[in-house]
Amino acid sequence: LATGPRQNNGIFYEIRTYDIKPAKMKEFLELANKHFHLRTAHSELVGFWYTDLGALNKVFHVWKYDNFAHRTAVRHALANDKDWQGKFISVVLPMIEKQHNEVAYLVPWCQLGKPPKEGGVYEWVTFQMKPGGPALWGEAFQAAVSAHINTGYTRLIGVFHTEYGLLNTVHVLWWNESPDHRAAGRHSAHEDARVVAAVRDSVRFLESQQNVLLIPMQCSPLK
């Protein structure tokens, strides 16, 4: 995970998570859908979602940057964008309870994907792995992800490995046609000997896991 293409490519992804005040969630989503074009004028948005299961009143958005100098320039431009600051930031800041961000790289064996069609749901799965890094658990983790892909019930969008934030964290983004389609696929996968074997090998290195069901927003490129 930490060798090869990742080291020779400056592109990284900033994962931002906001906790929104429950009474303000609807208003926040409406403002984001209305004004987020002001933000995407500055840099590339990969996706923007709100949580439906596994967590409540949270939004996830993922941004792509060429390098850290690119991010610095974008942040400077945003601070001086009067429309962005006045129409969105100043309005939504009182609605936000907490902000969290991470910097992550795509693992070298995964290209950022797209769903086959619009209208599905996304699953954001966060794995906290044992200290030691990919040299310890990388091959087993890749095998477990690949085993799920091979079942065909789900579509892999991306696998991100943290560089800033809590280390030894891997985020996996999946797409499914519906929550019920995902549930049926998971039941089948649990009876697949290949999946069971791969997961059993990988789980030896696992500290914790959290799954969140995400709904894409209107302003999200990934829908």
Side-chain angles (χ1 to χ4, degrees), residues 1-20 28-29 31-51 58-93 95-96 98-115 122 124-127 129 133-134 138 142 145 156-175 212 214 216-223:
L1 294 181
T3 60
R6 188 185 80 69
Q7 291 183 332
N8 297 322
N9 190 333
I11 293 174
F12 67 85
Y13 298 83
E14 183 177 6
I15 302 164
R16 299 180 72 93
T17 308
Y18 297 169
D19 287 15
I20 310 300
F28 177 91
L29 297 179
L31 284 167
N33 281 321
K34 181 178 180 181
H35 294 302
F36 229 62
H37 67 280
L38 299 172
R39 175 60 183 85
T40 55
H42 291 276
S43 65
E44 181 179 348
L45 174 66
V46 174
F48 197 167
W49 305 267
Y50 63 91
T51 56
K58 286 180 179 286
V59 295
F60 284 73
H61 37 129
V62 179
W63 300 90
K64 181 180 179 181
Y65 292 103
D66 296 335
N67 49 48
F68 288 97
H70 179 209
R71 181 184 183 275
T72 298
V74 169
R75 300 301 298 175
H76 178 76
L78 288 169
N80 291 282
D81 186 326
K82 294 182 180 179
D83 280 345
W84 172 244
Q85 294 294 329
K87 294 180 180 180
F88 187 76
I89 293 297
S90 62
V91 181
V92 302
L93 276 180
M95 304 178 187
I96 299 173
K98 186 169 60 176
Q99 293 175 294
H100 177 72
N101 75 331
E102 297 170 286
V103 166
Y105 292 96
L106 274 176
V107 298
W109 47 268
C110 171
Q111 298 296 317
L112 191 63
K114 292 183 179 181
Y122 291 79
W124 184 269
V125 189
T126 299
F127 299 91
M129 309 301 290
Q142 181 181 355
V145 171
L156 180 66
I157 303 298
V159 182
F160 305 89
H161 177 219
T162 55
E163 182 78 5
Y164 287 98
L166 188 60
L167 298 184
N168 295 295
T169 302
V170 185
H171 302 289
V172 183
L173 181 61
W174 301 95
W175 177 90
V212 181
L214 302 176
M217 294 179 58
Q218 294 174 15
C219 60
S220 176
L222 286 176
K223 290 185 172 64

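Counting from 1, the numbers follow the sequence of the chain as shown.
- Summarising the geometry, atom CD belonging to Gln99 is positioned 6.5 Å from atom CG belonging to Leu93; distances are rounded to the nearest 0.5 Å.
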Evaluation steps, side-chain contact (heavy atoms from CB on, under 4.5 Å), between Trp109 and Val159: CA-CA 9 Å; Trp109 47 268; Val159 182; 3.9 Å; yes
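- Residues Tyr122 and Ile157 form a side-chain contact, since some pair of their non-hydrogen atoms from C-beta on lies under 4.5 Å apart.
- By the 4.5 Å heavy-atom criterion applied to side chains, Val212 and Trp49 are not counted as neighbours.
- Within the 4.5 Å cutoff, side-chain heavy atoms of Ile11 are placed close to those of Lys64.
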Intermediate values then yes/no, side-chain contact (heavy atoms from CB on, under 4.5 Å), Lys87 and Val91: CA-CA 7 Å; Lys87 294 180 180 180; Val91 181; over 6 Å; no
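- Counting heavy atoms of neighbouring residues, nucleotides and ligands inside a 6.0 Å radius, atom CZ of Phe68 exceeds 12 of them.
- Contact check for Leu156 versus Trp174: side-chain heavy atoms found under the 4.5 Å cut-off.
- Across all their heavy atoms, Ser220 and Gly47 have their closest contact at OG-CA, 3.4 Å.
- The closest side-chain heavy-atom distance from Thr40 to Trp63 is below 4.5 Å.
- Looking at heavy atoms from C-beta onward, Met95 lies in side-chain contact with Leu31 at the 4.5 angstrom threshold.
- Of the inter-residue distances, the one linking Asp83 atom CG with Leu78 atom CG reads 12.0 Å to the nearest 0.5 angstrom.
- Across every non-hydrogen atom of Gly10 and Tyr105, the tightest pair is O-CE2, 4.3 Å.
- Rounding to the nearest 0.5 angstrom, the gap separating the CZ atom in Arg39 from the NE2 atom in His61 is 9.0 Å.
- Atom CZ of residue Arg16 and atom CD of residue Glu102 lie 11.5 Å apart, to the nearest 0.5 angstrom.
- Heavy-atom neighbours of His37 NE2 from other residues, nucleotides or ligands within 6.0 Å: above the threshold of 12.
- The six-membered or imidazole ring of Phe36 lies near that of Trp84, with a centre-to-centre distance under 6.0 Å.
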Candidate pair Phe160 and His171, rule ring-ring contact (aromatic ring centres under 6.0 Å, His included), full reasoning: CA-CA 5 Å; Phe160 305 89; His171 302 289; 7.5 Å; no
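- The two residues Ala32 and Cys219 come nearest to each other via the heavy atoms O-SG, 4.1 Å.
- One finds the NE2 atom of His42 at 11.0 Å from the NE2 atom of His70 (value rounded to the nearest 0.5 Å).
- Residue Leu167 comes nearest to Thr162 through the heavy atom pair CA-OG1, 3.6 Å, listed as atom of the first residue, atom of the second, then distance.
- Looking only at side-chain heavy atoms (C-beta outward), Tyr50 and Ile20 stay at 4.5 Å or farther from each other.
- Within a 6.0 Å sphere centred on CD of Gln218, other residues, nucleotides and ligands contribute 12 heavy atoms or fewer.
- Taken from CG in Leu214 to CZ in Phe48, the straight-line distance is 11.5 Å, to the nearest 0.5 Å.
- Proximity of a side-chain donor or acceptor of Ser90 to a complementary backbone N or O of Gln85 within less than 3.5 Å is detected.
- Considering only heavy atoms from C-beta on, Trp124 comes within 4.5 Å of Ile15 through its side chain.
- Residues Val46 and Leu222 share a closest heavy-atom pair of O-CG, 3.4 Å.
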